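All remarks here apply to the structure that follows.
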Amino acid sequence: SDPLFLLGSPDILAGGSSEIDRYETLLASRAIHGLKFFPGHEPFYPTDARCGPYFAACEEQNLPVVFHTGANPGDPAAARYNDPEYFRDLAEQHPSLNIVITHYFWPRIQEGYEITRDVPNIHFEIAAMADPEVIQASGGFSLVRDTLAQTIDDRPAQVMFGSDWPMCRIPDHLDLLNSISLDPTTQQMVLGTNATNLYQLPV
């Protein structure tokens, strides 16, 4: 099978909900396996009404929505658009919608996890957590490692490997994961099984 799969990324600002027919078709055919949104890189909130039709399309296909979270070095105020409180509210409003948080709301990664840790339909991707800039800004390697270890301990089926490549190094993220004492089954879940299940990928 093809080792790569794609996510769609609607243009919320320019397109609004006008693209929804195209994305419904792509999701239903599994040409894409979910949708990714970039609040913070773009000035809209996860609860923006223009996102609603896309959430409904993913719910219908049981495919996830993925969100950028955390800082944007080019805009110090960007994180106001992706505060974890919005994802908590969104998850409670759409209990059948699987929501993936990337980057752990860095640099406030502990806060980001504490706000969302007990929400059953929120998942976590570790992309960029091992980047030197993120580690330094977030309180150091030990704090990042311990937050990730706590997440995996709490909900091993809802944590997924990611690197943010090519901006970040894949080996650094493997080293971060390997710094946590995981049994082989749990490690394989984080490295691939969880993503395979969530994104409905061919095995």
Side-chain angles (χ1 to χ4, degrees), residues 4-9 33-46 64-88 90-91 98-117 119 122-180 182 186-187 189-196 198-199:
L4 300 177
F5 73 97
L6 301 176
L7 300 178
S9 185
H33 289 259
L35 297 176
K36 185 166 184 181
F37 299 85
F38 292 87
H41 281 290
E42 299 173 337
F44 71 91
Y45 296 92
V65 294
V66 183
F67 287 96
H68 165 85
T69 70
N72 176 355
D75 180 1
R80 70 181 183 274
Y81 291 106
N82 55 61
D83 189 287
E85 293 285 359
Y86 293 119
F87 302 112
R88 185 181 184 93
L90 188 64
N98 285 308
I99 297 167
V100 180
I101 292 175
T102 64
H103 319 315
Y104 272 69
F105 194 55
W106 80 280
R108 294 153 57 189
I109 63 171
Q110 284 182 307
E111 176 186 346
Y113 182 56
E114 289 300 324
I115 290 172
T116 54
R117 67 184 298 174
V119 184
I122 286 181
H123 306 253
F124 302 87
E125 184 196 282
I126 72 171
M129 285 187 74
D131 182 68
E133 177 186 9
V134 171
I135 287 176
Q136 181 177 10
S138 301
F141 183 85
S142 294
L143 188 149
V144 172
R145 180 198 60 216
D146 291 350
T147 302
L148 177 56
Q150 182 65 62
T151 314
I152 296 172
D153 187 59
D154 287 346
R155 45 208 314 181
Q158 289 171 273
V159 183
M160 294 176 291
F161 185 80
S163 65
D164 222 13
W165 182 88
M167 292 180 288
C168 303
R169 284 172 35 86
I170 293 173
D172 292 344
H173 288 74
L174 289 171
D175 289 344
L176 172 61
L177 188 62
N178 289 332
S179 73
I180 303 169
L182 300 177
T186 302
Q187 186 172 50
M189 289 169 66
V190 175
L191 283 172
T193 307
N194 292 341
T196 297
L198 185 65
Y199 292 106

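Only heavy atoms go into these numbers, but all of them, side chains included; no hydrogens, no water, no symmetry mates. Remember, predicted model here, so these are calculated numbers, not experimental data. Position 1 is the first residue of the sequence, and the numbers go up from there.
Contact between V159 and R155 at its shortest, heavy atoms only, is CG2-O, 3.7 Å. The nearest pair of heavy atoms linking G112 to F105 is CA-CB, 4.1 Å. The minimum heavy-atom distance linking V100 with M160 is given by the pair CG1-CE, 3.7 Å.
The shortest side-chain heavy-atom distance between L177 and I152 falls under the 4.5 Å cut-off. Residues V66 and Y199 meet the side-chain proximity criterion, which asks for heavy atoms closer than 4.5 Å. Considering only heavy atoms from C-beta on, Q150 comes within 4.5 Å of D153 through its side chain. A heavy-atom distance below 4.5 Å is not found between the side chains of N82 and I101. No side-chain heavy atom of L148 sits under 4.5 Å from any side-chain heavy atom of I109.
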After noting the C-alpha distance and the side-chain angles of N72 and Y81, does the key distance pass the side chain to side chain contact (heavy atoms under 4.5 Å, CB included) rule? CA-CA 11 Å; N72 176 355; Y81 291 106; over 6 Å; no
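Looking at residues two or more places apart in sequence or on another chain, you find a side chain to side chain contact (heavy atoms under 4.5 Å, CB included) between T196 and L201, V203. The side chain to side chain contact (heavy atoms under 4.5 Å, CB included) search around E85 returns D83, R88, I115, not counting sequence neighbours. Not a single side-chain hydrogen bond (donor to acceptor under 3.5 Å, both in side chains) links R80 to another residue, sequence neighbours left out. Taking T116 as the reference, nothing meets the side-chain hydrogen bond (donor to acceptor under 3.5 Å, both in side chains) condition, with sequence neighbours excluded. Residues that satisfy the side chain to side chain contact (heavy atoms under 4.5 Å, CB included) test with A157, not counting sequence neighbours, are M189, N194. Taking Y113 as the reference, F124 meet the ring pair (Phe, Tyr, Trp, His ring centres under 6.0 Å) condition, with sequence neighbours excluded. Considering only residues two or more places apart in sequence or on other chains, H103 meets the ring pair (Phe, Tyr, Trp, His ring centres under 6.0 Å) condition with H68. The side chain to side chain contact (heavy atoms under 4.5 Å, CB included) test applied to A91 returns I99, V119, N121, I122, not counting sequence neighbours. Evaluation of the side-chain hydrogen bond (donor to acceptor under 3.5 Å, both in side chains) rule for E42 yields no partner, not counting sequence neighbours.
Residue I170 holds its CD1 atom at 12.0 Å from CG of D175, rounded to the nearest 0.5 Å. Here the straight-line distance linking atom CZ of R108 with atom OG1 of T69 works out to 11.0 Å at 0.5 Å rounding. Note that CD1 of I135 and CG of L176 are 6.5 Å apart. Values are rounded to the nearest 0.5 Å. Residue R117 holds its CZ atom at 12.5 Å from CD of Q158, rounded to the nearest 0.5 Å.
Residue pairs meeting the side chain to side chain donor-acceptor pair (under 3.5 Å) criterion with at least one partner in residues 123-133, sequence neighbours excluded, are N98-H123. Residue pairs that meet the ring-ring contact (aromatic ring centres under 6.0 Å, His included) test with at least one member in residues 155-178, sequence neighbours left out, do not exist here.
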Distance-only donor-acceptor hits, side chain of residues 137-146, under 3.5 Å, sequence neighbours excluded:
unit_1: S138; atom_1: OG; unit_2: V134; atom_2: O; d: 2.7

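Paired with Y45 under the rule ring pair (Phe, Tyr, Trp, His ring centres under 6.0 Å), one option of Y86, F37, F38 passes, and it is Y86.
Side-chain N or O atoms of S9 include one that pairs as donor or acceptor with a backbone N or O of K36 at under 3.5 Å.
By the 6.0 Å contact criterion, CD on E111 is enclosed, its count of non-hydrogen atoms from other residues, nucleotides or ligands being greater than 12.
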